[in-house]
Amino acid sequence: MHALGWIIFGVIVVFMLGLDLGVFHRQARAVSLREAWTWMIVWVAIGLGFALGVWAYLGKQRALEYVTAYLIEESLSVDNIFVFIVLFRFFAVPDELEHRVLFWGIIGAIVMRGVLIVAGTTLIKQFHWMTYIFGAILVFTGLKMLFSGGEQVHPERNPLLRAVRRLLPVTSNYEGQHFLVRRPSPTPSSDQSARGKLWATPLLMVLLVVESSDLLFALDSVPAVIGVNPHDPSTFIIVTSNIFAILGLRSLYFVVAGVLDKFRYLKVGLSFVLMFVGTKMIVTYWELDVPILWSLGVVGGLILVSVLASMMIPPKNRV
């Protein structure tokens, strides 16, 4: 099943991404709220529909692991959305170009997540003591998220951004959908007079910061989804659940970006999710195992309670 499963998964992802960029978003344009809701529903339906296939061919246990990992990754994606909002405002990204940045950012995220997941599951299978290290990292991250104030994002300090600016000049304005453009050199030389000098556009700068930010988030989220079943992590289950959750991130951004500040307790819920999964990994040292159905209930319950608390408890400064 694994070979067939990988093929089906690959076909679905490639087809949907091609349909998204090649048909619906061939030309740069702003994404409407209605369209964002439609795509989010489509991606969630595909992601959860895949879980039914996992249940049919790999059994109930693996299907529950898939749903739990999917829910964790989708919830942790909210932090990515916060960063996207800050970056798009900092770089003054036109509305019609946001989807393009997110699309290629997701492609890069898929590659990075795949590499990190394969590396992480291999380490745990070969060296079980790595489970405790991953668990401790998650508990520390959860505590840090719980007690830290509002996150500050400083795109101008990004080392990758500084490196690119040393290598290439950057245009002062956006050049449509282009990440790189060629411009005639003011002092033509043999080659440059014909082809022009290569310039980076602000759109490339945004994409690079998005990719580097996602790498940092992946260092937290990948151990979290691996921790769903630290005894026997399935690379297939972890990769597919993670990628399907990430693919829905673009639509999720356009749906919740305007109301993200209303879910002020969601970060508290996510911090407890990370600490729960981390603790679950650590206690395997004493051969204690939390049933996957319980894990799904705890993760879903924490997220639901934090969302409901955000909706029902008025802000402190409210008169």
Side-chain angles (χ1 to χ4, degrees), residues 47 64-84 109 112-113 116-117 119-121 123-124 128-153 213-231 233-234 237-239 241-246 248-249 252 256 260 263-286 288-310:
L64 289 174
E65 291 175 17
Y66 173 94
V67 173
T68 305
Y70 178 89
L71 183 59
I72 290 174
E73 182 58 45
E74 196 73 64
S75 303
L76 290 174
S77 295
V78 173
D79 264 359
N80 296 53
I81 293 175
F82 168 78
V83 172
F84 294 161
M112 287 189 292
R113 298 299 174 97
L116 289 173
I117 289 169
T121 53
L123 282 173
I124 284 182
H128 185 69
W129 52 268
M130 289 295 298
T131 302
Y132 316 131
I133 294 179
F134 284 171
I137 292 173
L138 289 178
V139 171
F140 173 78
T141 303
L143 288 170
K144 183 180 177 183
M145 182 183 294
L146 181 63
F147 293 107
S148 65
E151 286 191 54
Q152 298 296 319
V153 181
S213 299
D214 185 75
L215 176 60
L216 296 178
F217 282 115
L219 296 177
D220 293 332
S221 66
V222 168
V225 293
I226 291 176
V228 170
N229 183 358
H231 293 290
S234 166
I237 295 298
I238 296 170
V239 168
S241 61
N242 201 276
I243 298 308
F244 276 130
I246 287 295
L249 179 58
L252 185 62
V256 307
L260 189 59
F263 298 101
R264 57 193 180 284
Y265 292 115
L266 183 58
K267 192 175 290 289
V268 175
L270 294 177
S271 68
F272 279 106
V273 168
L274 291 178
M275 287 188 283
F276 167 74
V277 176
T279 302
K280 179 182 174 181
M281 298 177 78
I282 293 172
V283 299
T284 58
Y285 177 81
W286 294 280
L288 298 175
D289 185 28
V290 180
I292 185 61
L293 194 57
W294 290 19
S295 296
L296 178 57
V298 170
V299 171
L302 286 170
I303 294 170
L304 179 61
V305 168
S306 63
V307 171
L308 290 177
S310 301

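Since we're looking at a predicted model, the values are computed, not measured. Values reported hereafter were calculated over all heavy atoms of this structure, with side chains retained and with hydrogens, waters and symmetry mates removed.
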Rounding to 0.5 Å, atoms CD1 (Ile226) and OG (Ser234) come to a distance of 11.0 Å
Those residues at least two apart in sequence (or on a different chain) that pass side chain to side chain contact (heavy atoms under 4.5 Å, CB included) with Val239 are Trp6, Phe9, Ile117, Thr235, Ile243
query: With no hydrogens and no angle check, is any side-chain donor or acceptor of Thr131 less than 3.5 Å from a backbone partner on Met281?
result: no
All heavy atoms of Ser271 vs all of Gly142, minimum pair found to be CB-O, 3.2 Å
Closest non-hydrogen contact found for Gly120 with Phe134 is O-CE1, 4.0 Å
dist Leu296:CG -> Glu65:CD (nearest 0.5 Å) comes out at 11.0 Å
Taking every heavy atom of Pro233 against every heavy atom of Thr121, the minimum-distance pair comes out as CB-CG2, 4.1 Å
Taken to the nearest 0.5 Å, the spacing of Leu266 CG from Leu302 CG works out to 11.0 Å
The reported gap from CG in Leu270 to CG in Leu146 (rounded to nearest 0.5 angstrom) is 11.0 Å
Of Val273, Ile72, Leu308, the one forming a side-chain contact (heavy atoms from CB on, under 4.5 Å) with Ile303 is Val273
May I ask you to decide if Gly47's main-chain N or O and Tyr66's side chain share a donor-acceptor pair within less than 3.5 Å? yes
Those residues at least two apart in sequence (or on a different chain) that pass ring-ring contact (aromatic ring centres under 6.0 Å, His included) with Tyr70 are none
Closest non-hydrogen contact found for Thr68 with Leu64 is OG1-O, 2.8 Å
Shortest non-hydrogen pair, Ser295 vs Lys280, comes out as OG-NZ, 2.8 Å
- Checking side-chain contact (heavy atoms from CB on, under 4.5 Å) for the pair Ile292/Asn229: CA distance, chi angles, key distance, verdict? CA-CA 8 Å; Ile292 185 61; Asn229 183 358; 5.8 Å; no
Rounding to 0.5 Å, atoms CG (Leu76) and NZ (Lys267) come to a distance of 9.5 Å
On a heavy-atom basis, the closest approach of Pro230 and Ile124 is O-CG2, 3.7 Å
Phe140 meets the ring-ring contact (aromatic ring centres under 6.0 Å, His included) criterion, sequence neighbours left out, with none
Rounded to the nearest 0.5 Å, the CE atom of Met145 sits from the CG atom of Leu138 at a distance of 10.0 Å
